[in-house]
Trainee: 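Sending over a structure as structure tokens; questions will come in a sec.
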Amino acid sequence: MRQQGGRAALAALVSDTPRVRAAAVILLDGRLVLVRHKKDKQTYHLLPGGGVEFGESLEDALLREVKEETGLVVDLGRPLILNDTIAPNGERHLVNITFAASITGGAITDCPDDDRIEAVELVDVGTIGELDMRPPLADEIVNYLSDQTGYPTKYLGSIYTRERP
């Protein structure tokens, strides 16, 4: 635990620095590629991607994570969305960088390398707003996909989804 003025901080922090996560908006047959993720008793959807390791570029991390999670090989496009996920209790701080990506090879896997991933799913873009997406970027993804050339890179600030009991 960190010490503040000689007293222990209220909560033990996982890390005193933010974790960087790179994610990809990928379309396959006109549908969005998502991973269904299970943590404890909760199931939610994520864009494919993951943490950037020390010394690894955003591009290398994204290409590695997409391959591990989905089986797909992609080319990195431009950055679309930047946001933070900061837990109110200070236990977690993620910096999320979401890129456009296009498939160049591979095939959807039935057996992702991450055991927290229950499945790789192709989801109709019109229904992503009905999903529990983390971070909740459905509206921005729909906006980007409706005007890919006119969509500007955006910083959305801190977006936090409270865990359900």
Side-chain angles (χ1 to χ4, degrees), residues 13-39 43-87 91-125 128-129 131-161:
L13 299 179
V14 173
S15 173
D16 286 338
T17 60
R19 178 173 173 243
V20 177
R21 183 179 192 275
V25 173
I26 306 166
L27 288 180
L28 178 60
D29 298 330
R31 295 182 291 169
L32 185 66
V33 178
L34 294 175
V35 294
R36 190 173 68 230
H37 193 268
K38 185 166 180 104
K39 179 180 175 187
T43 301
Y44 48 89
H45 288 81
L46 301 170
L47 291 168
V52 179
E53 297 174 359
F54 184 80
E56 185 177 42
S57 71
L58 289 169
E59 180 177 22
D60 289 345
L62 186 62
L63 299 179
R64 174 183 53 76
E65 288 283 353
V66 168
K67 176 74 170 148
E68 289 173 3
E69 292 182 355
T70 68
L72 297 172
V73 177
V74 297
D75 271 344
L76 182 70
R78 67 184 180 91
L80 302 174
I81 304 164
L82 300 107
N83 74 281
D84 296 284
T85 299
I86 303 172
E91 288 183 354
R92 184 171 194 198
H93 181 178
L94 285 171
V95 175
N96 299 291
I97 305 169
T98 303
F99 292 88
S102 56
I103 298 170
T104 60
I108 297 286
T109 183
D110 290 333
C111 190
D113 286 347
D114 186 337
D115 60 359
R116 295 171 296 181
I117 296 174
E118 293 185 325
V120 179
E121 298 180 347
L122 300 179
V123 179
D124 289 325
V125 174
I128 63 173
L131 301 174
D132 180 3
M133 277 190 71
R134 309 240 179 130
L137 300 177
D139 289 343
E140 290 300 327
I141 293 167
V142 169
N143 290 340
Y144 161 69
L145 292 173
S146 67
D147 183 11
Q148 295 179 31
T149 56
Y151 184 88
T153 300
K154 295 182 181 181
Y155 173 63
L156 302 180
S158 183
I159 302 171
Y160 180 75
T161 302

Trainee: Kindly list each side-chain donor-acceptor pair under 3.5 angstrom involving residues 75-82, sequence neighbours excluded, with atom names and distances?
Mentor:
residue, atom, partner, partner atom, Å
R78, NH1, Y151, O, 3.2
R78, NH2, Q148, O, 3.0
R78, NH2, Y151, O, 2.5

Trainee: So which heavy atom on D60 is nearest to which on S57, and how close?
Mentor: N-OG, 2.9 Å

Trainee: Take K67 and D113 through the test side-chain contact (heavy atoms from CB on, under 4.5 Å) and record every step on the way to the result.
Mentor: CA-CA 9 Å; K67 176 74 170 148; D113 286 347; over 6 Å; no

Trainee: Do H93 and D84 have side-chain N/O donor and acceptor atoms under 3.5 Å apart?
Mentor: yes

Trainee: Could you state the interatomic distance from CD1 (I86) to CG (L94), rounded to the nearest 0.5 Å?
Mentor: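 One gets 9.5 Å once the value is rounded to the nearest 0.5 Å.
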
Trainee: Please assess H45 against M133 for the test side-chain contact (heavy atoms from CB on, under 4.5 Å), listing each intermediate value before the final yes or no.
Mentor: CA-CA 5 Å; H45 288 81; M133 277 190 71; 4.2 Å; yes

Trainee: Where do Y160 and T85 come nearest, in terms of heavy atoms and distance?
Mentor: CD1-CG2, 4.0 Å

Trainee: Any side-chain heavy atom of I103 within less than 4.5 Å of one from V73?
Mentor: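 The answer is no, as the side chains (C-beta and beyond) never meet within the 4.5 Å cut-off.
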
Trainee: Does the side chain of K39 reach to within under 4.5 Å of the side chain of Y44, using non-hydrogen atoms?
Mentor: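 SC-SC contact between K39 and Y44 confirmed.
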
Trainee: Any side-chain to backbone donor/acceptor pair from T109 onto T70? Under 3.5 Å, distance only.
Mentor: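 Side chain of T109 to backbone of T70: no pair is present.
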
Trainee: Flag the pair E65 and R21 as a salt bridge only when some basic side-chain nitrogen lies within less than 4.0 angstrom of an acidic carboxylate oxygen.
Mentor: no

Trainee: Taking all heavy atoms of V74 and all of L63, pick out the closest pair and write down the distance.
Mentor: O-CD2, 3.0 Å

Trainee: To the nearest 0.5 Å, tell me how far D132 CG sits from H37 NE2.
Mentor: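 If I round to the nearest 0.5 Å, the distance is 12.0 Å.
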
Trainee: Please name the pair of heavy atoms, one in A61 and one in G51, separated by the smallest distance, quoted to 0.1 Å.
Mentor: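 Smallest heavy-atom distance, with atoms named: CB-O, 4.1 Å.
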
Trainee: Considering non-hydrogen atoms only, spot the tightest contact between Y155 and N83 and give its length.
Mentor: CE1-CA, 4.0 Å

Trainee: Taking atom CZ of R19 and atom OG1 of T17, what is their separation to the nearest 0.5 Å?
Mentor: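 Those atoms lie 11.0 Å apart.
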
Trainee: Answer whether the closest heavy-atom distance between the side chains of L72 and I108 falls below 4.5 Å.
Mentor: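 L72 vs I108: side chains touch.
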
Trainee: Could you tell me the separation between the CG atom of L62 and the CZ atom of R64, rounded to the nearest 0.5 Å?
Mentor: 9.5 Å

Trainee: Does E69 reach the main-chain N or O of G49 with its side chain, forming a donor-acceptor pair under 3.5 Å?
Mentor: yes

Trainee: Within the supplied structure, the quantity of interest is the number of heavy atoms (other residues, nucleotides, ligands) at a distance under 6.0 Å from D110 CG; does it exceed 12?
Mentor: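 Not buried by this count: 12 neighbours or fewer within 6.0 Å.
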
Trainee: Does V33 form a side-chain contact (heavy atoms from CB on, under 4.5 Å) with L27? I'd like the steps, not just the answer.
Mentor: CA-CA 6 Å; V33 178; L27 288 180; over 6 Å; no

Trainee: Closer than 4.0 angstrom, basic N to acidic O: yes or no for R31 and E121?
Mentor: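 Answer for the salt bridge query: no.
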
Trainee: May I ask you to test the L32-L122 pair for a side-chain heavy-atom distance under 4.5 Å?
Mentor: no

Trainee: Sub-3.5 Å donor-acceptor pair from the side chain of S146 to the main-chain atoms of N143, do we have one?
Mentor: yes

Trainee: Taking the side chain as everything from C-beta on, heavy atoms only, tell me whether R134 gets closer than 4.5 Å to P136.
Mentor: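 No, too far: nothing below the 4.5 Å cut-off.
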
Trainee: Side chains of V123 and L131: closer than 4.5 Å at any heavy-atom pair?
Mentor: yes

Trainee: If we only count heavy atoms from C-beta on, is the E118 to R36 side-chain gap below 4.5 Å?
Mentor: yes

Trainee: With a 4.5 Å heavy-atom cut-off, do L47 and N96 have their side chains touching?
Mentor: no

